[in-house]
Amino acid sequence: MRLLLIILVSLFSFPNIQSQTQPWQGKFEPIDNMIAPPNSYRTASGAPGKAYWQQRADYKIKATLDEKNNMLTGEETITYYNNSPDNLSYLWIQLEQNVNKKGNPDFGDAFGGVRDNMTTRQMQSLTRAIDFPAGYTIKYIKDSSGKDMQALVNNTMMKVMLKEPLKSGESMSFSLAWSYPITDRSMFLLSREGYEYFPEDNNTVYLIAHWFPRMAVYNDTEGWQNQQFQRLGEFALEFGDYDVEISVPEDHIVASTGRLQNSESVLTKTQRQRLEQAEKTFDKPVMIVTIDEAIANEKSKASKLKTWKYTAKNVRDFAFASSRKFIWDAQAVQLETNKVMAMSFYPKEGLPVWKDESTKAVKAALEVYSEATFEYPYPVAISVNTSNIGMEFPMISFNGGRPDKNGKISDRAKQGMIGTIIHEVGHNWFPMIVSSDERKWMWMDEGLNTFLHQRTVAERYPEFHSTEPKDIVPFMQGDKNILRPIMTTSDSELLTQFGANFYQKPTVGLQMLRNSIIGKELFDQAFKEYANRWKYKHPNPGDLFRTLEDATATDLDWFFRGWFFTTDNVDMELTDVKWYKVYEEDLNIEDQQKKVKIAATVEGTEQKAKDFSSGLDMIKLSETPDQAYGGFLSRLDEDELRKQVSGKNIYEVTIKNIGGLVMPVKIEWVYKDGSKETDVLPADIWRRNEYQVSKTFLKDNEVEKVNLDPNFEFADTNMTNNSFPKVEETSQFDEFKSKKSD
Ligand SMILES: [Zn+2]
């Protein structure tokens, strides 16, 4: 069927405008009412404001590890600086070790209840049938004159009453003494610290973290941080300087946040010489404690103690690991100005892969992240091997991944191990320096960190899988009764979903912004701007959203609104492609009435075409009437226009938004001669009609096939409706999905 149409082009009537027939959802409206308004602390541009302030806490700590009883005892002096404009009548202190304390509120069973087939470890986590005496014993809290201070513990937090308010601009010191049983990691799921026992040689690896009572955050956003530690939501912490003395059995090796101050009294002469050598070695790790030495150490079982002294400047936390099992390697990494010691500590159970890969992965993270944000500022970056977890602290991380008993590791496990090391070292930037509130917004550190971690993997380990937009599709297709928006507080997310929602989805969102919406160069500048604006500070989500817009001159409210605040997905349907050609005919004006009549008789049975097999629709162009030019004296060169379109192909594409998220539309044209071309429509095409848009293209060549989002850039959840003619065969995406479910 050929359809003869005469289109009267006029400035005042656009016949192709489609009015939206479904309710308008305001997908492009500003998100100003969804994020905190700007003020003198946080500007509308997303930067810290003129009056921005934050508190500071310095710590002097002496701790002793009692290996026989698996106890940690300590004394500490906290100097707290009240930089806020407020006078404080009390202080809040974090006591995260109380999370497993008997009698404290159990914040709900995160593991899904009793099943007919479950492990004893899962049963223990449900019932706590075997008692574990977790939690702090606080021996004293004294002010600087040695007088007892009044304190009240509320679960994982402790309120310290002040006799006189701590005035704005003033500081105070006070001291605490405490002890707690170090967590048996095998008894608690989701433990980020504790000990791991190796029965074969009767030794222990201690991972000591959130171990000392420390200041809660007080800020301009919520005053005292008041969310209890419920395991999933991690930490909100103040920056400060640390002076820490750690006493451990004298045959232990300690890995710690900070710079070692007394190597001459804790390391042998040989170890010190090897360290000096490592400081000059940039191409591969130098062994500081060799495999044979570590295996010999396993047998010594010293009971005398040795004290390791560390200082750390401008960190928000402090952690360490201790064991006589540690093998230790180190190498220097030269960044633009800072030289960093990349180091790994692992028991022999991590061999050989830890010796080959750990420090190399630390180096990769240091280099890629420093380039993408700001230079790593600390003297050391340490990766410690442990079972199961990956967990980050300033300058040190605890990372899972071990070979089997024969030293074999599957390719997948090795990729997981290296990815974990990169990820946890990467956390030095987010949230250890760009210090967002993890307890509130897990995505702010996990999402941004995973984005750079995946970039590091893609750049340094191109043979590994790294996250791409299509990886998030199975999650985005999920049941909307279960899905939550990214902008969900940390402890409200399901354990089965938080990896996808707080790590992968923000990563893919940032990848889309970088690769497909803003462009790499401008995005990278903006991301760097955000990191530099907020280093050593406490950003909120609005500060990130605002900076990414402000530094790119791109209104991204539609993107943040959809990707971060809803559970909608991307599903664009290529509903129709109409193909037209202009045929030229010398028309004299008198004949026009007649032609229109002819056209009207030919018209009638317009069908939605499934493909191009029904051939062309012909269009005839008529002269623009004078009145259409209004007051213009100049006129379009109509002959030239006819010449330009004559013989060419005009395609009118109609796209429906099924998934709800507005996105740019990438259209791939596959021509009859096999060549391809791509057009990109910005997301703004959905401003006036959020459900359906049409767009017309002029093409020299004849088109055989049209595809939307051909490279899976926008995580389209249904690729079967993305092509014209419609494809019936299995799409790449289905193949991908079935691979995933394998
Ligand atoms: Zn993480």
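Order of appearance sets the numbers: ligands from 1, and atoms from 1 within every ligand. The model shown is predicted, which means the values in this text are computed figures rather than measured ones. Starting from 1, each residue takes its place in the sequence as its number.
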### Message
Please report, to 10°, the angle around the Zn ion (ligand 1) from atom NE2 (H427) across to atom NE2 (H423).
### Response
100°
### Task
Look at the N, O or S atoms of E392, main chain and side chain alike, and state whether any lies under 2.8 Å from the Zn ion (ligand 1).
no
### Query
Do E234 and R316 sit within salt-bridge range, that is, some charged N less than 4.0 Å from a carboxylate O?
no
### Query
Can a salt bridge be assigned to the pair D543 and R533 using a cut-off of 4.0 Å between side-chain N and carboxylate O?
no
### Message
Please give the atom name: the N, O or S atom of E446 nearest to the Zn ion (ligand 1).
### Response
OE1
### Query
Roughly how far, to the nearest 0.5 Å, is the CH2 atom of W211 from the CZ atom of F318?
6.0 Å
### Task
Please determine, by modelled atom types, if R185 and T386 share a side-chain donor-acceptor pair under 3.5 angstrom.
yes
